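Remember, it's a predicted structure, so these values are computed and weren't measured experimentally. Both counts, for ligands and for their atoms, begin at 1 and track the order of listing.
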Amino acid sequence: MITIQEIETKERSLLAMKRAKELGRPILMSEVEKMNHIDPLLFFSSGNEHYSGERFFWKDPKDEFIFAGLGISKQFQIDQSDDRFGLIEREWKEFLKDSLISNPFSEIGIGPLIFGGFSFDPYKEKTVLWSKFDDSLFYLPKYLLSVIKGQVFLTTNFIFTPNDDELLYKHIIDERNKLFQSLQKHHHTALPALLETKEISPEKWKNTVDAMVKELNRGPLKKVVLARELRLNFNDIVASEAVLQHLNEQQHESFIFALESNGDCFLGASPERLVKKNGTELFSTCLAGSSSRGHNPEEDRLLGEKLLSDQKNLLEHQYVVEMIKEALEESCEEIILPDKPQLMKIRDIQHLYTPVIGKCSGDSSLLHMVERLHPTPALGGLPKKEAVEKIRQVEELDRGFYAAPVGWLDYEGNGEFAVAIRSGLLQGKEASLFAGCGVVADSDSESEYLETSLKFRPMLRALGGK
Ligand SMILES: C=C(O[C@H]1C=CC=C(C(=O)O)[C@@H]1O)C(=O)O
Ligand SMILES: [Mg+2]
């Protein structure tokens, strides 16, 4: 049986083909439909046969925007460049020109949307660890499931080239039908057994922190974030859907993200927003300064109180507030910024937290703001450029996408980026987890070491470790 919707799709695809031939270049056709409820994690898992290595997942802390993307309709990638944020943005805008978008809904986050991220520092010497990821990597998915405030939409993106004929239309319908058939099956993937957890050079890392503290006392550097790695071995391949399932259950108050590339998968549960753009409003988060959670409510409250008045942590936090304020002031007419941090309490840790809202003037694009903010002193240090250079020089770890912006951008310029911390890279039967901490002049290497141990926990637990 052919549905009305299929007839409309056919008409639009004929138009897209004609346009591609006339203009002599690929043309995007994008269609949005409203669906009955589909679990986005099930949607992600159902792609494990046909779209493995070409999937992404995103969920914000309040479940306002949940995305699962399957297949790559178009990839945007840029290696080492001073202008990688601008290049991605311009390529995306250029690609959208003359596209045929059928989206009768007014919600943000449906229709053509790219998802991906950037490496922390494109000038850091590359190692094999991140060889499957480019410095900037975004996907326009073939199929995007968007759950927006509980409503479910499916966007289908197809690209017509000047050489395509009607066979492509048939292929589209067949593929979409197969996708829905695979959703009927129940997909549940178990985690393999964790065989070994290895800390990478912990003593050397503490020595680097000690040396950094001395340097910070001499100035002019004020803060440098130093990170380290845990390497895990399993008795079988770790499926990204199994880890995502756990992250979603165990860290629901965080941004949950996953990005597959060439067989590897970068994923995590980050509490930290870099920037969100909704029309003319910008939202950012200052998150720095940490303490453990208590074993009981009273101990937890005392630890929180202590954190709120601890000079070392307040300074670590203040550097972030000043930098984000300065970055937003450049583009915003008005900024709402509380004068004191509050506490953000999550499962394994509590942080000093200051939310920031900016009302932008003029045309401030999301990726321009990402460029302006990345890395904030919560991930890089202060001054920004010198701190990144210092990290490049002294940190043993190849950060790749860790501590860098990960998120989405829709065709109307709205979107959101989180900072990819509390994260890890899955590589077959192995995984690397990453955690860092803000080192300031009165840091103590042993406490910073313990702080990073807390920050490994969300990923470690999701992978079956302790
Ligand atoms: C760099 C990380 O955390 C940052 C975010 C919150 C608190 C931080 C801190 O207190 O050091 C870090 O700046 C990480 O989790 O790997
Ligand atoms: Mg800290």
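Cation-pi geometry between Lys429 and Phe234 is not met at under 6.0 angstrom from the ring centre and within 45 degrees of the axis. Both cation-pi conditions hold for Lys74 and Phe76: the charged atom is under 6.0 angstrom from the six-membered ring centre and inside a 45 degree cone around its axis. Remark: Lys223 is not positioned above the aromatic ring of Tyr319, lacking an NZ or CZ atom under 6.0 angstrom from the ring centre and at most 45 degrees off the axis.
Inter-residue side-chain proximity for Tyr411 and Asn103 is flagged as met; some heavy-atom pair is nearer than 4.5 Å.
Taking the charged nitrogens against the carboxylate oxygens, Lys385 and Glu389 do have a contact shorter than 4.0 Å, which makes a salt bridge. By the 4.0 Å N-to-carboxylate-O rule, Lys390 lies close enough to Glu215 to be salt-bridged with it. Comment: Asp300 engages Arg293 in a salt bridge, judged by a side-chain N to carboxylate O separation of less than 4.0 angstrom. A salt bridge links Asp348 with Arg461: at least one charged nitrogen is closer than 4.0 Å to a carboxylate oxygen.
Of the protein's heavy atoms, Arg422 NH2, 3.3 Å lies nearest to atom 3 (O) of ligand 1. Among protein heavy atoms, atom 6 (C) of ligand 1 sits closest to Leu287 O, 3.4 Å. Nearest non-hydrogen protein atom to atom 5 (C) of ligand 1 is Glu272 OE1, 3.4 Å. At the top of the distance list for atom 2 (C) of ligand 1, counting protein heavy atoms only, stands Gly436 O, 3.4 Å. Protein heavy atom closest to atom 16 (O) of ligand 1, with residue, atom name and distance, is Tyr402 OH, 2.5 Å. Protein heavy atom in closest approach to atom 10 (O) of ligand 1: Ser290 OG, 2.5 Å. When only non-hydrogen protein atoms are considered, atom 8 (C) of ligand 1 lies nearest to Lys455 NZ, 3.2 Å. Residue, atom and distance of the protein heavy atom nearest to atom 13 (O) of ligand 1 are Ala378 O, 2.7 Å.
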Next item on the list: With side-chain hydrogen bond (donor to acceptor under 3.5 Å, both in side chains) as the test, would you mind laying out the steps for Ser201 and Arg228 before giving the verdict?
Entry: CA-CA 8 Å; Ser201 323; Arg228 60 190 189 94; over 6 Å; no
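For the pair Val225 and Arg399, the tightest heavy-atom approach, listed with the atom from each and the gap, is O-NH2, 2.8 Å.
Per-residue contacts place His351 under 4.0 angstrom from the following atoms of ligand 1 (heavy atoms of the residue considered): 6 (C), 7 (C). The atoms of ligand 1 that sit less than 4.0 Å from any heavy atom of Ala435 are 16 (O). Below 4.0 Å from some heavy atom of Cys437 lie the following atoms of ligand 1, by number and element: 11 (O). Near Gly289, the atoms of ligand 1 lying under 4.0 angstrom from a non-hydrogen atom of the residue are 7 (C), 9 (C), 10 (O).
In this view, Lys277 satisfies the salt bridge (charged side-chain N to carboxylate O under 4.0 Å, His left out) rule with no residue, not counting sequence neighbours.
For the pair Glu316 and ligand 1, the shortest N or O to N or O distance falls below 3.5 Å.
The Mg ion (ligand 2) has Glu316 OE2, Glu451 OE2 as its protein N, O or S neighbours under 2.8 Å.
For Phe257 and Phe266, the distance between ring centers is under 6.0 angstrom.
One side chain, Thr127 or Asp398, offers a donor N or O that lies under 3.5 Å from an acceptor on the other.
Using a 4.0 angstrom heavy-atom cutoff, Glu451 counts as in contact with ligand 1.
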